[in-house]
Each structure stands twice: as structure tokens, then as C-alpha cells.
Amino acid sequence: MSIYQHFRENEWTFVDQALEWQQDAKLRYRERLTDFLDPRQQEILQSVIGQDDEVNLSFLGGSPFSERKRAFVAPSYIQTIEEDFKLSLCIIRYPSKFVSLEHRDVLGALMNVGLKREKFGDIVIGDGYVQVIIAEEIEDFIIANVKMIGNASVSLERRPISEHEKNEEVWDEQTTTISSLRLDAVLAQIYKLSRSKVLPIIEKGLVKVNFKTIDQQSFLLEAGDQLSVRGFGRSKLIKVEGRTKKDKYRLRFGRLS
């Protein structure tokens, strides 16, 4: 039985990476600190090597409720501590009386200085400030180079990780019936949109499944998938609870409150 059959084809490259990290820890006795992983990548990593008694796998993203986390993969005899994850917390100050910042504004500014998304953890928008968890190795570079976000002048300062304010997400769970698990059908049902409105949203690349852009309306969803639709918020498929007498899927889903 191949391990790949448990994952979608577009996830096989990351499965290969996870297997390599596993071999590094088991056979070469090497420690490996990853970049920030999204929740689906964490799930894959846990599935591939989390039950291996010869490997110590742990995650940390700044708080118990962090979404994006770094993973530390090591031989089983090594015990990890918080410092191993090399996390930094930066506070971004900006003139909130005159401008407002959104998550995508902040992320865009951070990536525009030449760094990839995987170097940043969660971004939390506060009242007149923004918190962002970053990889320790880029902290000085970010502070020195990020001076503007949109039209706003900003300043960055280091703060202790203990001040990270990420709260637990609250999902509003509902149950529905649906004829198909195609992406267009599920989005129309969850967000109460017509199929004619859903199609251009998908084609324009405004939909993500498990944090990856999907532009195929016929893409088949599975239980556990997390969805994001720009302008409409986030949702997730919690469970497919069987079929009705009319052969429809009974679907439990959640929308982020």
C-alpha cells in the first residue's frame, strides 16, 4: 500500500519532503526546523511521521491557538524547548486615525521586501497596531526594510513571544444536504450564492482549498478541507455524514465567526 494514496496528487511533493525529514532524524540523527507550515501541511506531517517512535515531532507558532506553525523534527532522544523554534514577535505601529490596515496589506508589504510566505506566521490585526510572528533569522532584515504598508508609514519593534494575542477561532457549525462535493456546488451552498456567481470567483483565483489557490470548479472536496473565499470569509468541511434517501450528501460544515 502506497503512502501517497492517502493524499491528493498536489500534496505528494510535501509528502516527499516529510519523508526526507523523517529519514534525517531516524538514520542521520539530524534536527530539522521547518519554515512556517499551514494547518494542512501540519496535518500531513503528523500523518506521515507523527506515529514514528524514533522521531520527535513538535509544532509551535507563538500561542496555543496559532494557525501557522514551525515544526521541529529530531531524533526521539532530543527534547525540544521553545527556543528551538526560533520565533520572533514584531509589533507594527501605524497612524490608525488616518488609515486602516488589513491582513493582506500587511502580508503584501512583508513579501514585497523579497521574502517568501513561509517565513511568516500568524498576522493579528489589533487596535492601532499589528502583531506578526516571524522566523527569528529574518527579524533584523524585516525591521530594517519594512517602512511603509500601503500609504501608511510604519515602525516595527520586537516584543516577547508571551505578548502574542492570537485567540481561539470560533466556528459556527451547520448541517446541509448537497448533491455533489464539487467545489462550485459546495461554495454555493455554504455561502448562499448562485452557481453563476460562484464560477467567476473560482476562475479569478479568489478561492483557496487548504491554503492553496484552486481555480477548477469541478475540484472534489473532502471532509477536513478548509476553504477561503476572498470577500466572503473562511469555512471548513467538518464531516460528510452519509447519504440521504434521495442520494444527497449530508454535510456538516463550519463558518468562521
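The minimum heavy-atom distance linking Trp12 with Phe7 is given by the pair NE1-O, 3.3 Å. Shortest non-hydrogen contact noted between Leu57 and Ala71 is CD1-CB, 4.3 Å. Closest approach of Ala18 and Val48 over heavy atoms only: CB-CG1, 4.0 Å. Closest non-hydrogen pair, Glu31 versus Ile78, comes out as OE2-CD1, 3.0 Å. The shortest non-hydrogen separation linking Ala185 to Ser180 is CB-O, 3.8 Å. Contact detail for Asp84 and Gln79: the closest heavy-atom pair is OD2-O, 4.1 Å.
For the atom pair NZ (Lys245) and OG1 (Thr177), the distance works out to 14.0 Å, reported to the nearest 0.5 Å. Between atom CD1 of residue Ile190 and atom CZ of residue Arg255 there is a gap of 8.0 Å, rounded to the nearest 0.5 Å. Rounding to the nearest 0.5 Å places CE of Met148 at 4.5 Å from OG of Ser153.
Look at Lys212 and Asp38 and you find a salt bridge, because one of the NZ, NE, NH1 or NH2 atoms lies within 4.0 Å of a carboxylate O, short of that distance.
Connection of Phe253 to Val198 is established within a shared hydrophobic cluster, with ILVMFWY side chains joined at heavy-atom distances below 4.5 Å, either directly or through further cluster members. Linking ILVMFWY residues whenever their side-chain heavy atoms come closer than 4.5 Å, directly or via other members, leaves Val73 and Phe85 in distinct clusters. Following chains of ILVMFWY side-chain contacts shorter than 4.5 Å, one can reach Trp21 starting from Ile44, so the two form part of one hydrophobic cluster. Hydrophobic clustering, with ILVMFWY side chains joined whenever heavy atoms are under 4.5 angstrom apart, groups Leu187 together with Ile201. Taken together through direct or relayed side-chain contacts under 4.5 Å among Ile, Leu, Val, Met, Phe, Trp and Tyr, Val124 and Ile134 form parts of separate hydrophobic clusters.
Partners of Asp172 according to the side chain to side chain contact (heavy atoms under 4.5 Å, CB included) rule, which considers only residues two or more places apart in sequence or in another chain, are Gln174, Ser257. Applying the side chain to side chain contact (heavy atoms under 4.5 Å, CB included) test to Ser179 and every residue at least two apart in sequence or in another chain returns nothing. Residues that satisfy the side chain to side chain contact (heavy atoms under 4.5 Å, CB included) test with Lys26, not counting sequence neighbours, are Gln22, Asp52, Glu54, Val55. In terms of the ring-ring contact (aromatic ring centres under 6.0 Å, His included) criterion, Phe141 has no residue partners (sequence neighbours excluded). Partners of Lys119 under the side chain to side chain contact (heavy atoms under 4.5 Å, CB included) rule, at least two apart in sequence or in another chain, are Asp35, Lys116, Ala135, Glu137, Ile138.
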Worked check of side-chain contact (heavy atoms from CB on, under 4.5 Å) between His164 and Ile133: CA-CA 8 Å; His164 187 39; Ile133 296 288; 3.8 Å; yes
Criterion side-chain contact (heavy atoms from CB on, under 4.5 Å) on Tyr249 and Thr244, from CA distance to verdict: CA-CA 6 Å; Tyr249 293 97; Thr244 68; over 6 Å; no
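Identified under the salt bridge (charged side-chain N to carboxylate O under 4.0 Å, His left out) test for residues 9-23, with sequence neighbours left out: Glu11-Arg40. Among residue pairs with one or both ends in residues 190-207, those qualifying as salt bridge (charged side-chain N to carboxylate O under 4.0 Å, His left out) are Asp184-Arg195; sequence neighbours excluded.
Here the side chains of Val209 and Leu183 are in contact, with some heavy-atom distance below 4.5 Å. Arg250 is not listed as a side-chain neighbour of Arg243, based on a closest heavy-atom distance of 4.5 Å or more. The side-chain heavy atoms of Leu193 and Phe232, taken from C-beta on, include a pair separated by under 4.5 Å. Side chains of Val207 and Thr213 form no contact here, defined as non-hydrogen atoms less than 4.5 Å apart. Between Gln41 and Asn210 there is no side-chain heavy-atom pair separated by less than 4.5 Å. Within the 4.5 Å cutoff, side-chain heavy atoms of Ile49 are placed close to those of Leu45. Considering only heavy atoms from C-beta on, Leu27 stays 4.5 Å or farther from Asp24 through its side chain. Contact annotation: the side chain of Val146 approaches that of Leu156 to within less than 4.5 Å [non-hydrogen atoms, C-beta and beyond].
Looking only at atom types and distance, the side chain of Tyr129 has a donor-acceptor partner in the side chain of Glu165 under 3.5 Å away. A donor and an acceptor atom, one from each side chain of Ser58 and Thr80, are located under 3.5 Å apart.
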Counting only pairs under 3.5 Å, give me each side-chain donor-acceptor contact of residues 59-67, with atom names and distances, residues two or more places apart or in other chains.
residue : atom : partner : partner atom : Å
Ser63   : OG   : Phe65   : N            : 3.2
Ser63   : OG   : Ser66   : N            : 3.4
Ser63   : OG   : Ser66   : OG           : 3.4
Ser66   : OG   : Gly61   : O            : 3.0
Ser66   : OG   : Ser63   : N            : 3.0
Ser66   : OG   : Ser63   : O            : 3.2
Glu67   : OE2  : Arg234  : NH1          : 3.1
Glu67   : OE2  : Arg234  : NH2          : 2.6

Which atom pairs, one a donor and one an acceptor, fall under 3.5 Å between side chains of residues 215-223 and the rest of the protein, sequence neighbours left out?
none

Validation: residues 86-114 side-chain donor-acceptor distances under 3.5 Å, sequence neighbours left out:
residue : atom : partner : partner atom : Å
Ser88   : OG   : Glu139  : OE2          : 3.2
Asp105  : OD2  : Glu102  : N            : 2.9
Asn112  : ND2  : Gly108  : O            : 3.1

With a 3.5 Å cut-off and sequence neighbours excluded, list the donor-acceptor pairs that the side chains of residues 235-242 form with protein atoms.
residue : atom : partner : partner atom : Å
Ser235  : OG   : Tyr191  : OH           : 3.0
Glu241  : OE2  : Arg252  : NE           : 3.1

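Clustering of Ile, Leu, Val, Met, Phe, Trp and Tyr side chains at separations under 4.5 Å places Leu256 together with Trp171.
In this structure, Arg68 is not positioned above the aromatic face of Phe36 in the sense of NZ or CZ being under 6.0 Å from the six-membered ring centre and within 45° of the axis.
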